[in-house]
Amino acid sequence: MSDKIHIAIDGCEANVTQRVGSNVYAFNIIKQISNLLRYKKKTRATVLLSQKPVADMPKERINWQYKIVKPDKFWTQWAEPWHLFFQQNNYDVLYTPGHYAPRLCPIPYVSSVMDLAFLQYQHQFRQTDLFQLEKWTKYSVKKASKVIAISQFTKKEIHQHYGVNPQNIIVAYPDVSLNLKETAPARKKAYFKKHGISQPYFLFVGTLQPRKNLVGLIQAYELFCEKQTGEKPLPKLVIAGKIGWLAEPILQKIKNSPVRGHIILTSFVPTAIKPILIKNALALTLVGLYEGFGIPALEALYLNTIPIVSESSSLPEVVGKAGLKVD
């Protein structure tokens with residue numbers, strides 16, 4: 001038996017230009033595995049992709065290679081397992097940083113799970129997405145040799161819903177992935193001016209989607225504004241993130257809000273701007289109904305900004321005694 005290890009990695013989730021949520025997680029996991037393997041001469045990795053790697057993916061070297069597998073259509077269930085079948089003697093294990101592994105995988109695999117929100121809040125997902133999340137996650141988790149969860153809360157959920165032995169679920173907490181290089185003051189000034197942002201402001205960072213409870217956040221902000229008196233400037237509410245699925249009620253709530261003039265939508269936030277937005281905020285808000293971890297809250301702590309989070313799911317686990325927890 002060879003003492004060398006060859007890892008196949010599903011890199012599709014990371015191989016995009018505008019990364020949010022699971023894309024950011026997958027990219028940073030892959031980047032750190034690449035860094036670790038620089039010192040592991042007996043371990044090599046082949047990253048499987050449906051398209052050529054984007055510019056910031058780790059560069060190829062002797063023990064780090066990319067393999068473009070076609071066709072694009074039904075990639076996880078057709079192209080990837082077909083490749084693994086013919087190369088099964090070449091790989092020792094498959095790692096997928098997303099929820100999904102091939103239904104028919106000829107080699108052992110390890111799968112990551114962010115959360116199982118789709119089981120509790122089905123009405124907040126599109127039907128096509130819901131079907132895939134329910135069916136594909138279930139078999140992926142049950143057939144995995146090991147499952148990586150991003151919080152103790154998620155580990156508990158996986159065990160409760162799928163009956164996976166807790167010994168086969170490894171909790172690996174995410175770290176922050178902020179680019180802390182100083183952004184040119186002129187760029188910061190231009191971005192703030194473009195979106196009408198001035199201090200003080202509350203901040204939400206993330207994709208606009210139902211389970212982020214943004215309608216509830218806006219209602220809370222309206223109550224906050226009603227109670228403010230005096231000459232101090234009223235803190236604005238900056239909602240920074242791209243429009244996600246089923247976002248129409250959120251956009252309608254903003255449009256009809258009596259304080260809509262104080263609510264700012266920025267759309268997708270460039271990587272270099274995100275730390276500046278968080279660092280200069282009065283507080284970061286993450287009052288979602290369900291979070292597998294809640295990385296923005298961790299980023300806020302890292303940048304010495306107060307996180308205001310829901311007292312639910314994993315969020316108390318993330319902020320501990322350092323954040324403000326609300327109903």
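Side-chain atoms are counted along with the backbone in the values below, which use heavy atoms only and exclude waters and symmetry mates.
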Let me know which of Thr43, Thr46, Asn63 forms a side chain to side chain contact (heavy atoms under 4.5 Å, CB included) with Ile7. Thr43
Side-chain heavy atoms of Arg19 within contact of Thr271, under 4.5 Å: no
List the atom of Ala45, the atom of Leu37, and the distance in Å for their closest heavy-atom pair. CB-CD1, 3.7 Å
Under a 3.5 Å distance rule, please check whether Lys40 uses its side chain to pair with a backbone N or O of Ile5 as donor and acceptor. no
Taking the six-membered ring for Trp, are Phe202 and Phe224 ring centroids under 6.0 Å apart? yes
Please check: side-chain N/O of Tyr290 versus main-chain N/O of Phe118, any donor-acceptor pairing under 3.5 Å? no
Heavy atoms from other residues, nucleotides or ligands near CD of Gln167 exceed 12 (cutoff 6.0 Å): no
Polar side-chain atom of Ser50 near backbone of Val69 as donor-acceptor pair, under 3.5 Å: no
Strictly distance-based, threshold 3.5 Å: is any side-chain N or O of Thr154 a donor or acceptor partner for the main-chain N or O of Gly292? yes
Is the NZ or CZ atom of Lys31 positioned over Phe27's six-membered ring, under 6.0 angstrom from the centre and within 45° of the axis? no
Check whether any side-chain heavy atom of Gln127 lies under 4.5 Å from a side-chain heavy atom of Leu130, and answer yes or no. yes
For Tyr121, does the six-membered ring have the charged nitrogen or CZ of Arg211 within the cation-pi criterion, i.e. under 6.0 angstrom from the centroid and within 45° of the normal? no
If only atom types and distance count, is the side chain of Glu317 paired as donor or acceptor with the main-chain N or O of Phe153 below 3.5 Å? yes
Determine whether a donor-acceptor pair (N or O, by modelled atom type, separation under 3.5 Å) exists between the side chain of Gln88 and the backbone of Phe85. yes
Return yes when atom NE2 of His6 has more than 12 non-hydrogen atoms of other residues, nucleotides or ligands closer than 6.0 Å, and no otherwise. yes
Would you call Tyr25 and Ile150 a side-chain contact if the rule is heavy atoms closer than 4.5 Å? yes
For Ser112 and Tyr95, test the side chains for any donor-to-acceptor distance below 3.5 angstrom and give the result as yes or no. yes
Test item: Lys138 side-chain N/O and Tyr162 main-chain N/O as donor-acceptor pair under 3.5 Å: no
Test your reading of the model: is there a side-chain donor-acceptor pair from Asn23 to the backbone of Glu13, 3.5 Å cut-off? yes
So does Trp136 have more than 12 non-hydrogen atoms from other groups sitting under 6.0 Å from CH2? yes
Sub-6.0 Å ring centroid separation between Tyr109 and Tyr91: no
Would you please classify the geometry between the Phe86 ring and the Trp82 ring as parallel, tilted or perpendicular, with 30° and 60° separating the classes? perpendicular
Is the closest side-chain donor-acceptor distance between Glu80 and Tyr100 under 3.5 Å? no
Give the table of side-chain donor-acceptor pairs shorter than 3.5 Å for residues 273-284, with sequence neighbours excluded, one pair per line with atom names and distance.
unit_1: Lys274; atom_1: NZ; unit_2: Glu299; atom_2: OE1; d: 3.1
unit_1: Lys274; atom_1: NZ; unit_2: Glu299; atom_2: OE2; d: 3.1
unit_1: Asn280; atom_1: ND2; unit_2: Ile276; atom_2: O; d: 2.8

Distance in Å, Ile254 CD1 paired with Tyr221 OH, rounded so as to fall on 0.5 Å steps: 11.5 Å
Can you tell me how far OG of Ser313 sits from CG of Leu116, rounded to the nearest 0.5 angstrom? 11.5 Å
For Lys41, does its backbone N or O pair with a side-chain atom of Lys4 as donor and acceptor, under 3.5 Å? no
Say whether, by atom type as modelled, one donor and one acceptor occur between the side chain of Lys143 and the main chain of Arg103 under 3.5 angstrom. yes
